[in-house]
Amino acid sequence: MSWFYRTAIRPRLFKYNAEEIHGQTLHALSWASRHEFVCNAMETFLGAPQLPVDLFGLRFPNPIGLAAGMDKIGEAVPAWAAMGFGFTELGGVTWHAQPGNPKPRIFRAIADEAIVNRMGFNNDGAEALAEKLAAWRSLGRWPKHPVGINLGKSKITPLDQAAEDYANSFRALRDFADFFVVNVSSPNTPNLRQLQDKLALDEIFTALRQVQNSRTRHQSIKPILVKVAPDLSFEALDEILQLAGPGNIAGIVATNTTITRPKTTDTAAQKVYAETGGLSGRPLQKRSTEVIRHLYRQSRGQIPIIGVGGVFTAADAWEKITAGASLLQIYTGLVYEGPMLAKTLVSGLRRYLAEQGLSELHQALGLHSRQN
Ligand SMILES: Cc1cc2nc3c(=O)[nH]c(=O)nc-3n(C[C@H](O)[C@H](O)[C@H](O)COP(=O)(O)O)c2cc1C
C-alpha cells in the first residue's frame, strides 16, 4: 500500500497546490469521522497492532502520534485513531481566531522529501475548537486514544502578554484534552521563539499553573509539555530543562520545524528553500534526533520526550526511541508515505523489539544514549 501510494497516488496529489490537497483530505476525513462504519473500515485496513506506552498517567495504544498542524481545528478527531495513530495532537490553536499568513504558505521540496511552511497559526480560536470537540463527544465519536492540544500565541497579543493568551486558551480547552503542548517554537509568528527564554517560559507556566490550581472537583491536573525549536543551542535547551518537573513542564516535544536549510543541487528544492518558513521532513531528521539525545542525557531520562522530525521509516522511529523519545509524532512522513505509515511504523518497531529480545517499548527507551 505504501508503495502504491508513492507510485500511483502521490504523483497525482502532488500536481496540485499543497494546501488545497490538505484541505480536501481533511474534508474527506471529516466526513469519514462522522460515519462510524467508515471509521471501522479504515481501522480494518490501517489500524496498527498494539504497542502500548504508559506515560503522564495515560495509556497510549502505540507510540506513533499525529503531529500538531495537521488537524488544527479538530475537523477529523475520530479518523486519526482509525488510521492507526496511538495519539493525536490537535492545533496549533490560539486564543483569538486568526487567518494566518497570506497564501501560498506550504511548499514541497520533493527531491528531499521535505516541506517548508509559513502557515502562521491559521485557526478559528480556542473557544471554537472547544465547541467542535464538545460536538465530537456528544456524537459519541471521541477516540479511545489520548488527545492533546497544541497552544500557540495569538498574533495580535504582544509578547509581554503571552502568558495570559496561553492561559486563556488553556482555560477554554482544559476539559477537552488529555494533555497540552505550549508551542513557543513556531518560526511563523513574529518573535514567538523568544518565549523559549527561561524567564518568559517560567511566566507562561506560572500562568498555566494558576489555571490548573483553580480547578473544580471534577477537573483534573493536565500534563503540559513545551515544544522546542531544533535551532536552539544545547545551553538554551538545558535552561528549559531546569523548568521541568512536577507542576511545571511535564515533558518536551522535540522538535518543531527549522529555519535552517540544507545544501541541495536540485533547482526545484532550492526554490522552495528560498521561501520563508519552517522546514520539516527528512532534512530535519538528524538535528531533531540530536536534540532528543541531548535532552535525554541531560535529564538522565527523567523528562518524557515526544520525538518529532523526519520520521519516515521504522528505522527512523527506532533511532529516535533509542535516542530517548518515549513517544513519536509524524507530519511530513504522512504526506510522503501515505496513510499506512502509522501501522508500518508500529509493526516495524515491534520487529526491532523482537530482534533485540525485548518485550516492551520502554526497555528500548534511550538504549543508544545511555552512558556508562
Ligand atoms: C504545514 C505544517 C503546519 C504545522 N503546524 C504546526 C502547529 O500549528 N504547531 C506546531 O507545534 N507544529 C506545527 N508543525 C510542525 C510539526 O508538528 C512537526 O513538529 C514538524 O513538521 C516536524 O515533523 P515532521 O518532519 O514529521 O513533519 C507544522 C508542520 C507543517 C508541515
Side-chain angles (χ1 to χ4, degrees), residues 17-23 25-26 64-74 85 87-94 98 100-101 103-109 112-124 126 129 148-155 166 169 179-189 192-193 195-196 225-231 252-260 262 272 275 277-289 291-292 305-313 316-317 320 325 327-337 341-342 345:
N17 167 283
E19 190 164 350
E20 216 169 280
I21 292 298
H22 179 259
T25 307
L26 264 285
I64 306 298
L66 182 77
M70 183 66 85
D71 190 0
K72 284 180 189 277
I73 58 169
F85 285 100
F87 64 108
T88 304
E89 187 177 327
L90 304 171
V93 64
T94 53
Q98 55 185 43
N101 290 319
K103 295 176 187 176
R105 49 195 182 177
I106 313 183
F107 310 88
R108 306 183 196 99
D112 284 359
E113 296 189 304
I115 289 175
V116 169
N117 92 84
R118 52 166 176 270
M119 301 301 283
F121 291 145
N122 53 309
N123 78 104
D124 300 337
L129 180 60
I149 296 179
N150 183 278
L151 305 176
K153 183 190 77 68
S154 312
K155 192 174 178 188
Y166 283 104
S169 296
F179 69 94
F180 289 82
V181 178
V182 172
N183 178 4
V184 280
S185 47
S186 165
N188 301 318
T189 296
L192 184 82
R193 296 182 314 153
L195 298 173
Q196 293 176 113
L225 294 78
V226 66
K227 185 163 179 179
V228 297
D231 309 318
I252 299 191
V253 183
T255 65
N256 213 315
T257 55
T258 176
I259 54 168
T260 66
V272 169
E275 296 288 347
L279 172 74
S280 59
R282 278 222 198 268
L284 175 61
Q285 185 185 83
K286 186 164 162 272
R287 177 62 190 170
S288 122
T289 305
V291 171
I292 293 165
I305 300 165
I306 301 184
V308 51
V311 175
F312 284 68
T313 65
D316 304 335
K320 278 190 165 49
L327 297 167
L328 301 173
Q329 292 178 322
I330 53 175
Y331 188 126
T332 308
L334 195 58
V335 173
Y336 282 94
E337 296 292 321
L341 186 56
L345 295 177

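We count ligands from 1, going down the list as the structure has it; atoms in each ligand are counted the same way. What's counted below: heavy atoms across the whole structure, side chains too, no hydrogens, waters or symmetry copies.
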Over 60° means perpendicular and under 30° means parallel, so tell me whether H22 and Y331 are parallel, tilted or perpendicular.
parallel
Return the residue, atom name and 0.1 Å-rounded distance of the protein heavy atom closest to atom 22 (C) of ligand 1.
L284 CD2, 3.5 Å
Main chain of K227, side chain of S185: is a donor-acceptor contact present, judged purely on distance under 3.5 Å?
yes
Gap separating the CG atom of N123 from the NZ atom of K72, nearest 0.5 angstrom:
7.5 Å
Is the closest heavy atom of T255 to ligand 1 under 4.0 Å?
yes
Determine yes or no for a side-chain-to-main-chain donor-acceptor pair under 3.5 angstrom, with S288 supplying the side chain and V308 the backbone.
yes
Got a donor-acceptor contact below 3.5 angstrom from the E113 side chain to the Y336 backbone?
no
Give me the residue, atom name and distance of the protein heavy atom closest to atom 23 (O) of ligand 1.
V308 CG2, 3.3 Å
Quick one: does N17's side chain have a donor or acceptor within less than 3.5 Å of a partner on P104's backbone?
no
Closest approach of any protein heavy atom to atom 26 (O) of ligand 1, naming residue and atom:
Y331 N, 3.1 Å
Would you check if the side chain of T88 reaches a backbone N or O of L90 as a donor-acceptor pair within less than 3.5 Å?
no
Numbered in order shown, the ligand 1 atoms found under 4.0 Å of a heavy atom of K72 are 5 (N), 7 (C), 8 (O)
Under 3.5 Å: N/O of I115 near N/O of ligand 1
no
Would you say G310 has any N or O atom under 3.5 Å from an N or O of ligand 1, going by distance alone?
yes
Residue-level breakdown please: for N117 versus ligand 1, do any non-hydrogen atoms fall below 4.0 Å on the side chain, on the backbone, on both, or on neither?
side chain
In the protein, what heavy atom is nearest to atom 4 (C) of ligand 1, and what distance, to one decimal place, separates them?
G69 CA, 3.6 Å
Which segment of T332 sits under 4.0 Å of ligand 1 when only heavy atoms are counted:
both
Within the structure, does G281 bring an N/O atom to less than 3.5 angstrom of an N/O atom in ligand 1?
yes
Under 3.5 Å between any N/O of K227 and any N/O of ligand 1: does that happen in this structure?
yes
Under 4.0 Å from any heavy atom of F121, which atoms of ligand 1 are there?
8 (O)
Under 3.5 Å between any N/O of N183 and any N/O of ligand 1: does that happen in this structure?
yes
Output yes when a side-chain donor or acceptor of N101 lies under 3.5 Å from a complementary backbone atom of R118, and no otherwise.
yes
Heavy-atom nearest neighbour in the protein, as seen from atom 21 (O) of ligand 1, with distance rounded to 0.1 Å
S280 CB, 3.2 Å
Between the side chain of Q285 and the main-chain N/O of F312, is any donor-acceptor distance below 3.5 Å?
no
Kindly say whether V181 contributes a backbone atom to a donor-acceptor pair with the side chain of E89 at under 3.5 angstrom?
no
Residue portion contacting ligand 1 (non-hydrogen atoms closer than 4.0 Å) for V181
neither
Return yes or no for this condition: an N or O of A68 is under 3.5 Å from an N or O of ligand 1.
yes
For atom 11 (O) of ligand 1, what is the closest protein heavy atom, and at what distance to 0.1 Å?
N150 ND2, 2.8 Å
Say whether, by atom type as modelled, one donor and one acceptor occur between the side chain of N183 and the main chain of G92 under 3.5 angstrom.
no
Looking only at protein heavy atoms, which one is nearest to atom 15 (C) of ligand 1, and how far off is it?
N256 OD1, 3.5 Å
Under 3.5 Å, is there a donor-acceptor pair between the S186 and N256 side chains?
no
Ligand 1 versus Q285: contacting region, heavy-atom distance under 4.0 Å:
neither
